[in-house]
Q: 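Got a structure for you, written out below as structure tokens; questions coming shortly.
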Amino acid sequence: MTECGRHARRLRLAAAGALAFALGFGGALLARAQDASYDVVITNGRVKDPESGLDAVRNVGISGGKIRAVSTGVLKGKQTIDAKGLVVAPGFIDLHQHGQDAENYRAKAADGVTTALELEVGVADVDKWYGERDGKALINFGASAGHIPARMAVMHDPAQLLPSGDAAHREATPEEMQQIMALVEKGLKRGAVAVGVGPAYTEAAANWEIVQVFRVAAKYHASCHIHIRAGAPKVGEPAGNFPGFEEAMAAAAISGAPLHIVHIQSTGGPNVAYELQMISEARSRGMDVTTEAYPYTMGMTSIEAAFLDHKENEPDSYFATMLWPATGEHLTRESFLRYRKEGGMIILPSNTQENIDAAIESRLTMIASDGALFNGHGHPRTSGTYARVLGHYVREKKALDLMTALKKMTLMPAQRLENRAPAFKDKGRIRVGADADITVFDANSVIDKATYEKPLQYSVGIQFVLVNGVAVVKDGNLVDGVFPGRGARAPISQ
Ligand SMILES: [Zn+2]
């Protein structure tokens, strides 16, 4: 809760107390509801709250960035949003969003996302990362303490997002290992909301190193968000990734750290259904393990990634399935090798439609986009993931009911983080006292518009998006010049 929110709440409580004294308790409540004047009121929308199960037409009163009333009664506000015929849902929480700048935040807001978190890769310098965004962000943001960037910093890897030098290819010395773990721990002390791990990108990090990272996470009740080893999208190869999956499960069981397996629909390869079953079994035995998926058959990653080493002798058909998003061209052996020297992002097949559907439709998975845009280029998942699930999987295919889909986008990601970062107890819910992060959409028309060719095309049907009570989308259009996003952070311990 913010200072001004706390102040406003105190005033209201004091006023209510005085009225209760004067009128008796019932009269006080009545007087309070009639006199209430809110910053914003959302009227006549169908409120859907996955935590309480509330699914009914209500008016929502918002003041000081918080939800103050959810009511059938008339509420007065300085601003009124008419949500008749629309769904009023908690704002979507994206646990997997790499792009963390204005361009990306606009695409996320237009897709209904109110909190975007960089948890898979994470960051090495947590204070600097949050400081760069404070007061300048359209939506809420947050990051994990990342093993990959910590390894890159300690081992002086020259690459940008993902390692291409020593951090990918060399075993750490005992001294380096100590420094890497110290950097991850420092990030946690500075309020990182989770720990990012990616053995697929740090192939030379042995099982032992991964267990060490999990031990650090466990000490801070931080979930490990892992891109499992040997399960990265492999063109034309069955991904025999059980060892990577089981490495993550074992590290969690040994250390006690909560485990979150990222994009299971891609790294699960042909084993998606088996891995979902294994997660369900582990959960039934008390393990804290969760997972996520995004609704596309193609993936995107760095062309320098270690799992794309030694591909020179692959057949032409292997390269033809890959897309270079900067130009939209399909690759050849020659262009693949040329671009690999240049560096950049590449789009490549990740799994069959059947396996994607199994992951998205599972009650176990959260929806998370793995999004990133770079000057208009990138993968459509950045701009379209949430509207695609609501439009395609809920409305068109009827594979998910709307409340279940919303739960996968709101309550489940909030619950994943709330032990470590209690701020998330007030996100992902429509209830009095929750943060006023709210997405109002038309369930009859919401759909994604981003394509592999045009990844910047925003979703439609997302009519209003509020971040901490401030509209960032109004009548389906982005609002300029507002920066209500706040850093979502765990308590700082040192
Ligand atoms: Zn990944």
Side-chain angles (χ1 to χ4, degrees), residues 33 36 38-63 65-77 79-93 109-115 361 363 366-367 385-415 426-448 459-477:
Y38 300 92
D39 294 347
V40 184
V41 171
I42 304 172
T43 60
N44 296 317
R46 184 159 199 99
V47 172
K48 283 187 172 271
D49 176 50
E51 185 177 52
S52 63
L54 175 65
D55 182 1
V57 173
R58 291 284 185 276
N59 301 314
V60 180
I62 296 158
S63 282
K66 293 271 184 183
I67 296 172
R68 304 294 182 189
V70 180
S71 170
T72 52
V74 176
L75 304 178
K76 291 182 209 158
Q79 285 179 60
T80 302
I81 291 171
D82 179 9
K84 194 170 185 336
L86 304 176
V87 172
V88 177
F92 309 150
I93 299 170
D111 200 33
V113 173
T114 52
T115 302
E361 293 164 19
R363 298 299 189 266
M366 302 171 201
I367 304 301
T385 286
Y386 292 86
R388 186 170 177 78
V389 171
L390 294 172
H392 177 60
Y393 286 90
V394 176
R395 184 179 62 245
E396 294 171 356
K397 202 178 167 206
K398 298 185 171 50
L400 282 170
D401 67 273
L402 183 50
M403 189 70 100
T404 302
L406 290 174
K407 186 178 175 189
K408 288 151 72 73
M409 303 171 173
T410 60
L411 183 64
M412 287 167 71
Q415 288 175 330
D426 287 337
K427 293 196 181 294
R429 285 103 165 161
I430 300 280
R431 62 149 164 73
V432 173
D435 294 341
D437 296 340
I438 299 175
T439 294
V440 180
F441 63 94
D442 181 356
N444 297 317
S445 67
V446 63
I447 198 74
D448 60 306
S459 297
V460 298
I462 306 281
Q463 293 304 103
F464 297 90
V465 178
L466 273 67
V467 174
N468 297 305
V470 176
V472 299
V473 172
K474 264 186 195 168
D475 294 315
N477 298 309

Q: Starting at CG of L86, measure out to OG1 of T439 and round the result to the nearest 0.5 Å.
A: 12.0 Å
Q: Per the side-chain contact (heavy atoms from CB on, under 4.5 Å) rule, which among M366, M412, E51 passes with K407?
A: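 Answer after filtering M366, M412, E51: M412.
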Q: Side chain of N59, backbone of G73: donor and acceptor closer than 3.5 Å?
A: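 Side chain of N59 to backbone of G73, a donor-acceptor pair under 3.5 Å: yes, one is there.
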Q: Looking at K397, I'd like to know if its NZ atom is crowded, meaning that more than 12 non-hydrogen atoms belonging to other residues, nucleotides or ligands lie closer than 6.0 Å.
A: yes
Q: How far does CZ of F441 sit from CZ of F92, to the nearest 0.5 angstrom?
A: 5.0 Å
Q: Which heavy-atom pair separates A405 from V389 by the least distance, and what is that distance?
A: CB-CG1, 4.4 Å
Q: When rounded to the nearest 0.5 angstrom, what is the spacing between CD1 in I42 and CZ in F464?
A: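 Spacing of CD1 (I42) from CZ (F464) equals 9.0 Å.
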Q: Of all heavy-atom pairs between D401 and R363, which one has the smallest distance, and what is that distance?
A: OD1-NH2, 4.2 Å
Q: Among D437, D435, D39, exactly one meets salt bridge (Lys or Arg N to Asp or Glu O under 4.0 Å) together with K66. Which residue is that?
A: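 Of all the options given, the one that passes is D435.
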Q: Taking all non-hydrogen atoms of both residues into account, name the closest pair between H392 and I447 and its distance.
A: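 Taking every non-hydrogen atom into account, N-CD1, 3.9 Å.
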Q: Determine the minimum heavy-atom distance between D82 and T43, stating which atoms define it.
A: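 Heavy atoms of D82 and T43 come nearest at CA-OG1, 3.6 Å.
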Q: Once rounded to the nearest 0.5 Å, what's the spacing between atom CG of L402 and atom CG of D55?
A: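 L402 CG to D55 CG: 8.0 Å, rounded to 0.5 Å.
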Q: Please examine the side chains of T72 and R58, heavy atoms only from C-beta on, and report whether any two atoms are closer than 4.5 Å.
A: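 Yes, at least one pair of side-chain atoms sits under 4.5 Å.
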Q: Is a side-chain donor or acceptor of D111 paired with a backbone partner of T385 at a separation under 3.5 angstrom?
A: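 Looks like yes, one N/O pair under 3.5 Å.
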Q: When rounded to the nearest 0.5 angstrom, what is the spacing between CZ in R395 and OG in S445?
A: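 The OG atom of S445 is 6.5 Å from CZ of R395, to the nearest 0.5 Å.
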Q: Taking S459's backbone N and O only, do any of them form a donor-acceptor pair with Y386's side chain (distance below 3.5 Å, no angle check)?
A: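 It does not hold such a pair.
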Q: Does the side chain of L75 come within less than 4.5 Å of R68's, by heavy atoms?
A: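 No, too far: nothing below the 4.5 Å cut-off.
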Q: Measuring from atom CG of L390 to atom CG of L400, what distance do you get when rounded to the nearest 0.5 angstrom?
A: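 One finds 9.5 Å between CG of L390 and CG of L400.
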Q: Please name the pair of heavy atoms, one in I93 and one in G428, separated by the smallest distance, quoted to 0.1 Å.
A: CD1-N, 3.9 Å
Q: If you compare all heavy atoms of D442 against all heavy atoms of G85, which two are closest, and at what distance to 0.1 Å?
A: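 So the minimum-distance heavy-atom pair works out to OD1-O, 4.5 Å.
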Q: Sort out for me which residue in D426, V40, I438 forms a side-chain contact (heavy atoms from CB on, under 4.5 Å) with I67.
A: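 Looking at D426, V40, I438, the match for I67 under the side-chain contact (heavy atoms from CB on, under 4.5 Å) is I438.
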Q: Quick one: do D49 and R429 make a salt bridge, cutoff under 4.0 Å?
A: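 Salt bridge: no.
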